[in-house]
Amino acid sequence: MKIVCCFGAGPAETGPWVTELAAAMPVAQVSADALDADYAVVWRAPQAFFDRQTRLKAIFAAGAGVDALLAMRLPAGVPVIRLEDAGMGEQMAEYVVHAVLHHVRRFDAYAVLQAGRTWRPLPPQRKADWPVGILGLGVLGRAVAQALRALGFPVSGWTRTPRGEPGVHAGEAGLAPFLANTRILVDMLPLTPQTHDLIDARVFAQLKTPAYFINVARGDHVVEADLLAALDTGVLAGATLDVCRNEPARPDHPFWSHPNIVLTPHVAAMTLRHESVAQIVQKIEALERGAAVDGVVRPERGY
Ligand code: NAP
Ligand code: GLV
């Protein structure tokens, strides 16, 4: 069996995946250049890579979101399988908990006071007054929901498919009641035609105010001018953004210098090679036995 790895960042990133997959799966021939591979492991691979592969049985994405991969011309009928958690759930929970506490425990306000050498305790805040709403309650959204609930925050979620669980709203009809009960909005959706530009002035206006916005998903979900306007008018008290529409953000992007924005360079949950290789190997072995695997992307729904 042949496995080919291709990471758009180049040989320095592809090489360690080849080495680690080969060590974890001695029966396979793993390389960066096979043209007749059975399985491909990719992240931001160029179109020419897919055009050359003629006998793939499956394409493994080395990430959770597959929007960029689905935008390529992929070999017809070949399933795309994405990472499910693989160590990202814990990282997402840490990142979002940090952002929520940073605002609710007023570390942002105390940073301003410290800059002015002002020793002024601010009134305590009740978690009950900071309901968190998570857009997208999938593998990673559920890990974040669990961590926030464990800290005592009221948490609700929004999904595409109705679940019949308390606090989980679904579909277009479920968005308004979900937003009306949310003060901290956390974006954990995949990027699909339905979620592109979803988060705009209309969405911010429906939140309990002053609200707080955390985006750990994709920048293309957000109408950035509307986000900046919501901050300027006080609808939003602040935002923590791990992503933006055009990455990397240009030096003159307003997010860099906005006093109420925390910006990080798409690092909320990074792909962990060891955990990912273990998951991919387990799935290849299952496929070779003819067994079904989880994490198969449904192209018609975009995730
Ligand atoms: P997932 O398991 O596929 O979950 C996606 C969730 O979004 C599901 O609950 C799904 O609803 C919901 N959803 C999708 N389309 C929707 C729509 N139109 N309306 C309402 N809900 C919708 O994905 P995941 O593994 O949790 O990952 C989520 C996203 O996180 C990825 O796609 C990626 O964009 C982002 N991510 C970012 C980073 C980072 O470092 N910033 C790292 C990893 C992932 P159903 O439950 O009904 O299917
Ligand atoms: C990173 O953004 C991912 O989707 O894994």
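First listed ligand is number 1; within each ligand, the first listed atom is number 1. FYI, side chains are in, hydrogens and waters are out, and symmetry mates aren't considered; it's all heavy atoms of this structure.
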Trp43, any N or O under 3.5 Å of ligand 2 N or O: no

Crowding at CD, Glu285 (>12 non-hydrogen neighbours, <6.0 Å): yes

Donor-acceptor contact below 3.5 Å, side chain His221 vs main chain Pro190: yes

Identity of the nearest option to atom 8 (C) of ligand 1, non-hydrogen atoms only, from Ala170, Pro193, Pro162, Gly138: Gly138

Contact check: Asp67 vs ligand 1, nitrogen or oxygen atoms, below 3.5 angstrom: no

Taking atom 46 (O) of ligand 1 as the reference point, the nearest protein heavy atom with its distance: Arg163 NH2, 3.1 Å

Donor-acceptor pair, side chain of Tyr39 and main chain of Val281, under 3.5 angstrom: no

Nearest-neighbour protein heavy atom for atom 33 (C) of ligand 1, which is reported as residue plus atom name and distance: Arg218 NH1, 3.6 Å

Mode of Gln194 contact toward ligand 1 - side chain, backbone, both, neither (heavy atoms, under 4.0 Å): side chain

Parallel, tilted or perpendicular: ring planes of His169 versus Phe178, cut at 30 and 60 degrees: perpendicular

Sidechain N-carboxylate O distance under 4.0 Å for Lys283, Glu84: yes

Atoms in ligand 1 with a heavy atom of Val216 nearer than 4.0 Å: 35 (C), 36 (N), 37 (C), 38 (C), 39 (C), 41 (N)

Backbone N/O of Ala34 and side chain of Gln53: donor-acceptor pair under 3.5 Å: yes

Within reach of ligand 1, part of Arg142 (heavy-atom separation under 4.0 Å): neither

For residues 141-154, tabulate all N or O donor-acceptor pairs below 3.5 Å that involve a side-chain atom, not counting sequence neighbours.
unit_1 : atom_1 : unit_2 : atom_2 : d
Arg142 : NH1    : Leu137 : O      : 3.4
Arg149 : NH2    : Val155 : O      : 3.4

Derivation and outcome, side chain to side chain contact (heavy atoms under 4.5 Å, CB included), residues Leu69 and Arg82: CA-CA 10 Å; Leu69 184 54; Arg82 70 187 192 91; over 6 Å; no

Contact partition for Glu84 relative to ligand 1, non-hydrogen atoms under 4.0 Å: neither

Expected output: side-chain Gln279 to main-chain Leu83 donor-acceptor under 3.5 Å: no

The one among Met88, Met188, Arg82, Arg298 that brings a heavy atom closest to atom 1 (P) of ligand 1: Arg82

Option whose closest heavy atom lies nearest to atom 35 (C) of ligand 1, chosen from Ala217, Gly65, Pro265: Ala217

Min heavy-atom dist His266 to ligand 2 below 4.0 Å: yes

Protein contact of atom 13 (N) of ligand 1 - nearest heavy atom, named by residue and atom, plus distance: Leu189 CD2, 3.6 Å

Protein contact to atom 5 (C) of ligand 1 [nearest heavy atom, distance to 0.1 Å]: Pro190 CD, 3.7 Å

Residue portion contacting ligand 2 (non-hydrogen atoms closer than 4.0 Å) for Arg218: side chain

Asp242 contact mode with ligand 1 (heavy-atom cut-off under 4.0 Å): side chain

Greater than 12 external heavy atoms within 6.0 Å of His196's NE2: yes

Arg245/Asp197 ion pair, N-O < 4.0 Å: yes

Electrostatic pair Asp129-Arg183, nearest N-O below 4.0 angstrom: no

Flag, side chain of Trp43 to backbone of Cys6, donor-acceptor distance under 3.5 Å: no

Shortest protein contact, atom 38 (C) of ligand 1 (heavy atom only): Met92 CE, 3.4 Å

Residue selection (non-hydrogen contact nearest atom 11 (O) of ligand 1) among Arg301, Arg160, His169: Arg160

Whether Arg218 side chain and Asp187 backbone form a donor-acceptor pair below 3.5 Å: no

Ala269-ligand 1 polar pair, N/O distance under 3.5 Å: yes

Parallel, tilted or perpendicular, as decided by the 30° and 60° cut-offs, for the rings of His98 and His102: parallel

Heteroatom proximity flag, Val267 to ligand 1, N/O under 3.5 Å: no

Within-shell test, Leu137 vs ligand 1, heavy atom, strictly < 4.0 Å: yes

Ligand 1 N/O within reach of Tyr303 N/O, cut-off under 3.5 Å: yes

Positive for side-chain contact (heavy atoms from CB on, under 4.5 Å) with Met188, one of Leu135, Leu140, Val139: Leu140

Heavy atom of the protein closest to atom 47 (O) of ligand 1 (residue, atom name, distance): Thr161 OG1, 2.5 Å

Nearest protein heavy atom with distance in Å, relative to atom 5 (O) of ligand 2: Ala64 N, 2.7 Å

Met270 to ligand 1, any heavy atom closer than 4.0 Å: no

Protein contact of atom 27 (O) of ligand 1 - nearest heavy atom, named by residue and atom, plus distance: Leu140 CD1, 3.6 Å

For Gly63, atoms of ligand 2 separated by under 4.0 Å from a heavy atom: 5 (O)

Any donor-acceptor N or O pair under 3.5 Å, side chains Thr264, Tyr95: yes

Check: Met88 N/O within less than 3.5 Å of ligand 2 N/O: no

Contact (N/O only, under 3.5 Å) between Thr271 and ligand 2: no

Qualifying residue for side-chain contact (heavy atoms from CB on, under 4.5 Å) with Leu227, from Leu241, Asp200, Ile199: Leu241

Ligand 1 contact by Thr192, heavy-atom criterion under 4.0 angstrom: no

Sub-4.0 Å atoms of ligand 1 with respect to non-hydrogen atoms of His266: 39 (C), 40 (O), 41 (N)

N or O pair under 3.5 Å between Ala64 and ligand 1: no

